[in-house]
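Labels below follow one simple rule: chain letters A, B, ... track the order of the sequence lines, proteins then strands, and each chain is numbered from 1.
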2 protein chains.
Amino acid sequence: MAVTDEAIEKIKGMIVSGALRPGDRLPKESELAADLGLSRNSLREAVRALSLIRILDVRQGDGTYVTSLDPQLLLEALSFVVDFHRDDTVLEFLAVRRILEPAATAMAASRISEQQLNALTNQLDKLGNDPSVEELVACDLEFHRGIVQSSGNSVLCSLLDGLSGPTTRARIWRGLTQEDAVSRTLHEHRAILAALRDRDAEAAKSWATVHIASVEQWLRSTL
Amino acid sequence: MAVTDEAIEKIKGMIVSGALRPGDRLPKESELAADLGLSRNSLREAVRALSLIRILDVRQGDGTYVTSLDPQLLLEALSFVVDFHRDDTVLEFLAVRRILEPAATAMAASRISEQQLNALTNQLDKLGNDPSVEELVACDLEFHRGIVQSSGNSVLCSLLDGLSGPTTRARIWRGLTQEDAVSRTLHEHRAILAALRDRDAEAAKSWATVHIASVEQWLRSTL
DNA sequence: GTGCCTGAGACGTCGGATGTCTTGCACGAC
DNA sequence: GTCGTGCAAGACATCCGACGTCTCAGGCAC
């Protein structure tokens, strides 16, 4: 194994074993390189790789630190990876989202706060009845993110956030080519929100499924 | 933005835009560095970071290539990230798995081949009635992976593969501390397999839920 | 035709030099 | 005494050039 890969594993080991805790500062590059037995150049490759996936946080002029290691932060790297997927796998991502999002919405039904419900309502009201496609899709993302956050599971939330990225483009195409898509989306959002307000997990789940399935069906028919 | 980060973005852009396709070979380091306007060292940091998440594949003495970009390959990086999570978030991972795995099992019910069913049967038979805990957990992983592969969604499959890692340890603890866990697991596996053979998606889903929920419940009670 | 050998090409690693940024401290004005 | 400015140290950012190691292809011997 290359020395850089060894260094990656060793740093990973230090964190997993607890020798380095979230927020801790690493020894300076030259020291750490000497400790691990490699050059500073090679060590930097390892550090850079770990910082790309949000394990380390390097601050020029200051030092290198272990991040909080929150699921949210680490799964952020997921969206970077997901960006690379080509359009022919969008359907698979969408299928996964169709599994997760209704479940998250159902979970949210029993946990969402009045405050959050009002915030979602305001958000939908503000959008009006005839938004642009871009506005609608942005609102769509925000709406679902708000609900999923209320599921209380940060891993689930981050995962959906990462998966939603690649389907965003698909939703924009749909809005541009399918005429009733906008009004249908608005209607479905209202229905989901109403179900949440009723604390009706089953209804919320069903509406969420319908909501995503309609995108999926459209996409499947156009590919 | 640092030159290395710029390089990462530029390489990413070349791939996403299609200028570089899966399997393509990159210009040699010195050339690419010159093209992108940075030193070879800095470029190498970018390449190393992208190879950690399986975007690039560097082969010493040969060259640097774009990987296949399969969902399977890219989500493999997920397990690397997941390794960093501390035990207090295992429950959240397990909750996500409890959503995905039953859904995947249900999908498999209508698609799984006779051949695959027989393979799973053999696998369970080979394990016998009194396996060691380690054997059981290894078999458990293999069993579920086989089923999820039959769901026909490679994104789903890779995602579950990545999520299953951190819960593995939990399952081992359980096997060691809860006496009837082994026999119960064996029984549940048989039940899932029987449901699949009957092409009964609903039953398969329910058994899969029960299967995971029992681990989850035990874990929740011991933390 | 087969197999070994060799050389070119490309990545792997290293050491050092210089630039840039952050931070903390000391000094001086108010 | 307090606040603000300026300097200096520490740490990361970037670069250059050199040498080691590995892979692969082509030539040569059998």
query = When the distance from CG of B/D5 to P of D/dC12 is rounded to whole Å, what number comes out?
reply = 16 Å
task = Report yes if the side chains of A/L36 and A/I11 come closer than 4.5 Å at any heavy-atom pair, otherwise no.
result = yes
key: Minimum-distance nucleotide to B/V3 side chain [options: C/dC11, C/dC14, D/dC15]   = D/dC15
ask   = Which of these nucleotides, C/dG15, D/dC12, C/dA10, is closest to any side-chain atom of B/N41?
value = C/dG15
message = Just N and O in the side chain of A/S42: are any of them under 4.0 Å from OP1 or OP2 of C/dC14?
response = yes
message = Taking 4.0 Å as the cut-off, does a side-chain nitrogen or oxygen of B/T4 come that near to OP1 or OP2 on D/dT14?
response = yes
query = Heavy atoms under 4.0 Å, any strand shown: does B/S30 hit a base, just sugar-phosphate, or nothing?
reply = nothing
message = Could you tell me how far apart A/Q60 (CD) and D/dC12 (C1') are, to the nearest whole angstrom?
response = 5 Å
key: Distance in angstrom units between A/E6 CD and C/dC14 P, rounded   = 10 Å
query = Should we count CZ of A/R21 as having more than 12 external heavy atoms under 6.0 Å?
reply = no
message = From CZ of B/R44 over to P of C/dA10, roughly how many Å is that when rounded to an integer?
response = 14 Å
request  = State whether a side-chain donor-acceptor pair under 3.5 Å links A/E29 with A/T64.
outcome  = no
query = For the base of D/dA13, is there a side-chain donor-acceptor partner from A/R40 under 3.5 Å away?
reply = yes
request  = Please report, rounded to the nearest Å, how far the C1' atom of D/dA13 is from the CG atom of B/L43.
outcome  = 15 Å
ask   = Which listed nucleotide (D/dC24, D/dC12, C/dT22) is nearest to the side chain of A/D62?
value = C/dT22
query = Charged N to carboxylate O under 4.0 angstrom, B/E45 versus B/R48?
reply = no
query = C/dT13 P sits how many Å from B/E29 CD, rounded?
reply = 11 Å
note = In whole angstroms, the gap separating P of D/dC24 from OH of B/Y65 amounts to 8 Å
ask   = So, B/S42 side chain and B/S39 main chain: donor-acceptor pair closer than 3.5 Å or not?
value = no
message = Just the rounded figure in Å: distance from P of D/dC24 to NZ of B/K28.
response = 17 Å
query = Taking N and O atoms by type only, does the side chain of B/R48 place a donor or acceptor under 3.5 Å from a partner on the base of C/dG12?
reply = no
note = Taking for A/L38 and for B/R59 the nucleotide of DNA chain C with the nearest heavy atom, the one nearer the 5' end belongs to B/R59
Nearest-neighbour nucleotide for the A/S39 side chain, D/dC15, C/dT13, C/dT20 considered = C/dT13
